[in-house]
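This report refers to the structure that appears directly beneath it.
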Number of protein chains: 4
Amino acid sequence: MMDTGQSEPKWRRRAEDRPDEVLDASLKLFAQNGFAATKVEDIATEAGISKGAVYRYFSSKEEIFESLVKRAIAPIAERTEDLARTSHEDSAVLLKAVLTVAATKLSDPDTLALPRIVLQEASRFPELAQTYRRQVIDRAIGALELIIEKGIARGDFRPVNARLAVRNVIGPLLAHFLLGQTFGIDREASASPHSFIESHYDILMRGLMKPETGEPQ
Amino acid sequence: MMDTGQSEPKWRRRAEDRPDEVLDASLKLFAQNGFAATKVEDIATEAGISKGAVYRYFSSKEEIFESLVKRAIAPIAERTEDLARTSHEDSAVLLKAVLTVAATKLSDPDTLALPRIVLQEASRFPELAQTYRRQVIDRAIGALELIIEKGIARGDFRPVNARLAVRNVIGPLLAHFLLGQTFGIDREASASPHSFIESHYDILMRGLMKPETGEPQ
Amino acid sequence: MMDTGQSEPKWRRRAEDRPDEVLDASLKLFAQNGFAATKVEDIATEAGISKGAVYRYFSSKEEIFESLVKRAIAPIAERTEDLARTSHEDSAVLLKAVLTVAATKLSDPDTLALPRIVLQEASRFPELAQTYRRQVIDRAIGALELIIEKGIARGDFRPVNARLAVRNVIGPLLAHFLLGQTFGIDREASASPHSFIESHYDILMRGLMKPETGEPQ
Amino acid sequence: MMDTGQSEPKWRRRAEDRPDEVLDASLKLFAQNGFAATKVEDIATEAGISKGAVYRYFSSKEEIFESLVKRAIAPIAERTEDLARTSHEDSAVLLKAVLTVAATKLSDPDTLALPRIVLQEASRFPELAQTYRRQVIDRAIGALELIIEKGIARGDFRPVNARLAVRNVIGPLLAHFLLGQTFGIDREASASPHSFIESHYDILMRGLMKPETGEPQ
DNA sequence: GATGAATGAGGCTTCATTCAT
DNA sequence: AATGAATGAAGCCTCATTCAT
């Protein structure tokens with residue numbers, strides 16, 4: 001919140017930063033190679049510490065993964081409620097804002113990394129997957145559902161099944177960014193985050209809005 | 001200890017079926033536990049043969065995975081062109097048919113399994129991922145793109161960017177089935193494949209069609 | 001002894017020839033890759049039969065090796081005594097004849113192969129090595145020892161320790177052919193079997209003969 | 001079951017010595033059983049460490065073998081040149097010195113072990129065999145050749161083909177020590193290194209020297 | 001606290017041998 | 001008798017985790 005302008009020197013390694021550095025390193029390597037194929041020694045090297053030191057902060061490789069997920073969840077869990085509260089505005093405007101933010105974040109590979117890993121490892125860490133689901137997915141879905149329901153109540157949207165309609169909001173983002181990153185699809189200009197969001201928003205809004213409402217935006 | 005006299009044959013000689021049995025077993029276990037966490041011995045046991053026998057048909061665990069993907073790709077690659085050719089019909093009708101077929105297939109965990117695994121292991125098998133992408137994803141996207149473009153040319157659809165619009169067709173399916181299976185979301189009745197497809201189709205078609213076209217379906 | 005001139009057609013595979021064909025194949029492969037690195041399947045393929053068939057003639061890979069050694073030993077064991085009996089001639093002439101025969105044989109890689117393998121595998125097949133030693137090495141040494149002793153008795157040679165002098169007869173052959181084949185030493189013309197034997201004989205005879213005997217040969 | 005209280009350290013930390021200890025253990029076992037028949041676990045046990053520890057120092061069993069050869073080669077490659085330089089002396093004296101040193105070394109099973117293994121495994125490690133040949137065999141042969149040529153130039157020796165004559169120097173050593181060790185030949189007193197060298201030298205020198213030179217030594 | 005040497009269970013793979021066909 | 005599919009013991013190697021220094 002308060003950026004004093006004096007950038008924290010990267011080289012100052014402080015003990016309390018270590019766990020986070022380990023998690024950063026892990027995130028990078030897990031995203032690159034998957035959980036099983038990532039060696040603790042590699043994590044240590046990437047974090048600039050020794051293998052043994054890793055075990056000072058985390059009791060096992062699995063715990064690193066759990067902490068990684070929990071670290072990512074924490075801020076999301078806190079901020080999510082804002083989404084619902086802020087919805088005093090026009091539903092269409094709100095939805096566009098949400099989509100834009102989401103697209104911006106998901107177009108960053110580092111942000112996409114964790115959801116991807118969780119998806120990958122869900123079967124091996126069922127409880128963690130459930131935690132992620134409840135803390136992140138359910139909240140996001142819940143928030144979007146609420147936005148849609150409010151839009152329906154306000155008369156902005158047609159009376160659709162809000163819970164199912166959420167798939168039409170989230171899905172195209174998934175298809176674009178997840179497949180895009182995983183398979184390297186459509187790296188051309190036409191697929192820039194911006195133009196994609198324009199297209200998605202255009203189609204989605206027409207699909208949700210009442211016919212007489214006229215053009216979206 | 002107790003020999004009843006009825007000799008149980010240690011194994012059957014059934015070379016022709018074995019490779020497929022191994023692949024079936026592998027698909028099941030890979031889907032369940034991922035590639036790395038699946039032991040060759042488990043595959044063998046699941047296939048009802050010995051560890052060593054697996055290596056008569058596949059030279060390594062990786063080759064099993066590759067064969068699995070190729071086996072799944074083959075029929076898809078053949079049938080895909082049909083999709084484009086059949087499109088003499090009304091674009092809306094065609095699109096609904098496609099969505100219904102896709103939903104039916106994807107709601108079967110066994111069908112969804114392979115795409116899931118490919119997604120999971122893409123970073124560890126980059127070439128295989130690219131093969132899958134070209135043979136399956138690109139074709140599917142291409143076919144859908146063609147349907148949309150024909151719809152635009154016929155005046156059924158608004159002039160949208162067909163390539164990007166494809167995300168709005170595929171994405172909700174992904175969100176529904178992939179996340180649904182992975183995280184166990186929404187197992188309630190409201191989320192039946194049928195009702196989801198109705199919802200998806202309704203929103204999607206309104207988003208694509210010209211306003212004056214009237215109600216979809 | 002009786003060569004009728006009608007060469008046995010190679011392509012006529014008869015059951016009674018099989019064991020020898022297996023041994024031929026084994027000799028070739030053992031010489032090439034060693035005992036451990038040679039697979040029974042490779043032997044079978046080389047012999048033009050199936051893996052199972054090999055086990056009809058030999059009960060194990062070790063037995064193949066044993067048979068190989070015994071097959072090679074048999075004729076040697078029979079012929080060796082001749083060497084001692086023939087020694088009515090001049091010791092120098094006899095020794096030269098022996099050296100020439102030995103050099104001719106050892107310059108053929110196929111002949112050298114078995115001694116090489118026996119040397120290689122001696123520690124893994126101690127009994128076989130002892131059999132080989134007694135049947136081949138001891139006899140050869142014994143025969144040469146006898147030749148030398150007779151030479152001394154006749155006054156052709158100086159009174160040397162015959163048993164130790166045998167090393168001076170055999171050793172250079174070993175050095176030339178064994179090292180030559182194993183390490184590919186001296187493939188030039190100067191190292192032809194013939195010129196080597198001339199050199200060896202020249203040096204050896206001068207070493208053994210009485211000074212006053214004059215030039216050898 | 002019975003904890004006496006005196007904690008036995010599971011291992012010592014001794015990284016610097018370990019590689020050599022592993023090589024020593026490997027040499028012993030390779031010499032005894034051959035490369036293929038020696039298990040990494042056996043090497044580890046012989047070296048007093050665990051299987052895994054071996055892999056801290058060598059990335060594979062093959063690398064152990066390579067290191068073994070290189071370790072043995074290094075000092076030889078350095079010292080060999082001395083042999084040629086020292087040859088200010090009488091050729092006969094020099095040759096006897098060389099033979100005596102060689103015999104002393106080769107009569108030690110531990111010294112003979114490596115050449116034996118290299119000979120055994122030459123076909124499986126062709127590059128290593130060539131390295132050994134160039135670094136050890138070619139140098140030794142070259143040095144001996146030089147001694148002989150100098151002897152000829154000085155008028156000590158007859159004009160023989162030096163390159164081929166080298167076989168008469170080396171060969172008897174090979175026959176005596178290599179066969180002796182491999183097949184357990186002549187363990188009697190008559191075959192002591194000393195008496196063998198006397199015999200070999202006696203026969204060899206007479207073979208090389210000019211008739212009028214008189215008795216060797 | 002930090003380090004990295006050491007451990008050892010566990011996985012992949014090979015291949016001699018067996019035996020149903 | 002021949003075949004080659006199947007077995008399974010055994011070996012190489014990996015790597016998460018421990019712990020002496």
Side-chain angles (χ1 to χ4, degrees), chain A residues 13 15 18 35-45 49-64, chain B residues 7-19 36-44 47-64, chain C residues 13 15 18 35-45 48-64, chain D residues 7-18 36-44 47-64:
Chain A
R13 275 280 162 58
R18 288 282 173 75
F35 177 82
T38 298
K39 290 176 254 181
V40 173
E41 177 135 37
D42 295 341
I43 294 173
T45 303
I49 59 177
S50 75
K51 198 172 21 159
V54 171
Y55 283 88
R56 174 154 303 281
Y57 306 111
F58 304 95
S59 67
S60 72
K61 196 166 80 158
E62 300 208 352
E63 214 207 53
I64 295 178
Chain B
S7 66
E8 194 70 26
K10 244 194 246 172
W11 39 265
R12 300 151 298 154
R13 182 175 268 252
R14 222 176 42 181
E16 325 80 43
D17 304 339
R18 282 289 146 76
T38 299
K39 288 176 265 183
V40 172
E41 180 138 34
D42 296 341
I43 294 173
I49 57 178
S50 76
K51 202 177 14 163
V54 172
Y55 286 88
R56 171 159 300 282
Y57 305 107
F58 303 95
S59 65
S60 69
K61 197 168 77 159
E62 298 208 352
E63 214 206 55
I64 295 178
Chain C
R13 276 279 163 61
R18 288 282 174 73
F35 177 82
T38 297
K39 289 176 254 181
V40 173
E41 177 137 35
D42 295 341
I43 294 174
T45 304
I49 58 177
S50 76
K51 199 173 18 161
V54 172
Y55 283 88
R56 176 154 302 280
Y57 305 111
F58 303 95
S59 67
S60 71
K61 197 167 79 159
E62 299 207 352
E63 214 206 51
I64 295 177
Chain D
S7 67
E8 193 70 28
K10 244 193 245 171
W11 39 266
R12 299 150 300 154
R13 181 176 268 250
R14 223 176 40 181
E16 325 81 42
D17 304 339
R18 283 289 146 76
T38 299
K39 288 175 266 182
V40 172
E41 180 138 35
D42 295 341
I43 295 174
I49 58 178
S50 74
K51 198 179 19 163
V54 171
Y55 286 90
R56 172 159 299 281
Y57 305 107
F58 303 95
S59 65
S60 69
K61 197 168 74 158
E62 299 208 352
E63 215 207 51
I64 295 178

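Numbers restart at 1 for each chain; the letters A, B, ... are given by sequence-line order, proteins then strands. Fair warning: this is a prediction, and the values are worked out from it, not measured in the lab.
Among the protein residues, Ser59(A) comes within range of no part of the nucleic acid, since none of its heavy atoms lies under 4.0 Å from any strand. Within 4.0 Å (heavy atoms only), Ser60(A) reaches sugar-phosphate atoms of the nucleic acid but no base atom. Looking at heavy-atom distances under 4.0 Å, Thr38(C) makes contact with sugar-phosphate atoms alone, never a base.
dA2(F) atom P lies 13 Å from atom CZ of Phe58(C), rounded to whole Å. Atom CD1 in Ile43(C) sits roughly 17 Å away from atom C1' in dT3(F) (whole-Å rounding). Spacing between atom CD of Glu41(B) and atom P of dT13(E) amounts to 13 Å, rounded to whole angstrom units.
OP1 and OP2 of dG4(E) both lie 4.0 Å or more from every side-chain N or O belonging to Tyr57(D). Residue Arg56(A) places at least one side-chain N or O closer than 4.0 Å to OP1 or OP2 of dA2(E). Within the 4.0 Å cut-off from OP1 or OP2 of dA1(F), not a single side-chain nitrogen or oxygen of Arg18(C) is found.
In this structure, Glu62(C) has no side-chain hydrogen bond (donor to acceptor under 3.5 Å, both in side chains) partners at least two apart in sequence or on a different chain. Looking at residues two or more places apart in sequence or on another chain, you find no side-chain hydrogen bond (donor to acceptor under 3.5 Å, both in side chains) involving Ser60(D). Residues forming a ring-ring contact (aromatic ring centres under 6.0 Å, His included) with Phe58(D) (at least two apart in sequence, or on another chain): none. Not counting sequence neighbours, the partners of Ser50(B) by the side chain to side chain contact (heavy atoms under 4.5 Å, CB included) test are Ala53(B). The salt bridge (charged side-chain N to carboxylate O under 4.0 Å, His left out) search around Glu41(C) returns Lys51(C), not counting sequence neighbours.
When the nearest nucleotides of DNA chain F are assigned to Lys51(A) and Ala36(D) by heavy-atom distance, the more 5′-ward of the two goes with Ala36(D). Mapping Tyr55(B) and Phe35(C) onto DNA chain E by nearest heavy atom places Tyr55(B) closer to the 5' end of the strand. Mapping Ala53(D) and Ser50(C) onto DNA chain F via the closest heavy atom, the residue that lands nearer the 5' end is Ser50(C).
The side chain of Lys61(B) lies closest to dT13(E) when the candidates are dA6(E), dT13(E), dA6(F). The side chain of Lys39(D) has dG11(F) as its nearest neighbour among dG11(F), dC12(E), dA16(F). For Val40(B), the side-chain atoms get nearest to dC12(E) when compared with the rest of dT3(F), dC12(E), dT7(F).
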According to the Watson-Crick and G-U wobble definition with distances under 3.5 Å, which dot-bracket string, read 5' to 3', encodes DNA chain E, using [ ] for crossing pairs and | for pairs with another strand? .||||||||||||||||||||
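To the nearest 0.5 Å, atoms CZ (Arg56(D)) and CZ (Arg18(D)) are separated by 11.0 Å. Here Tyr55(D) contributes atom OH and Glu63(D) contributes atom CD; the two are 10.5 Å apart, rounded to the nearest 0.5 Å.
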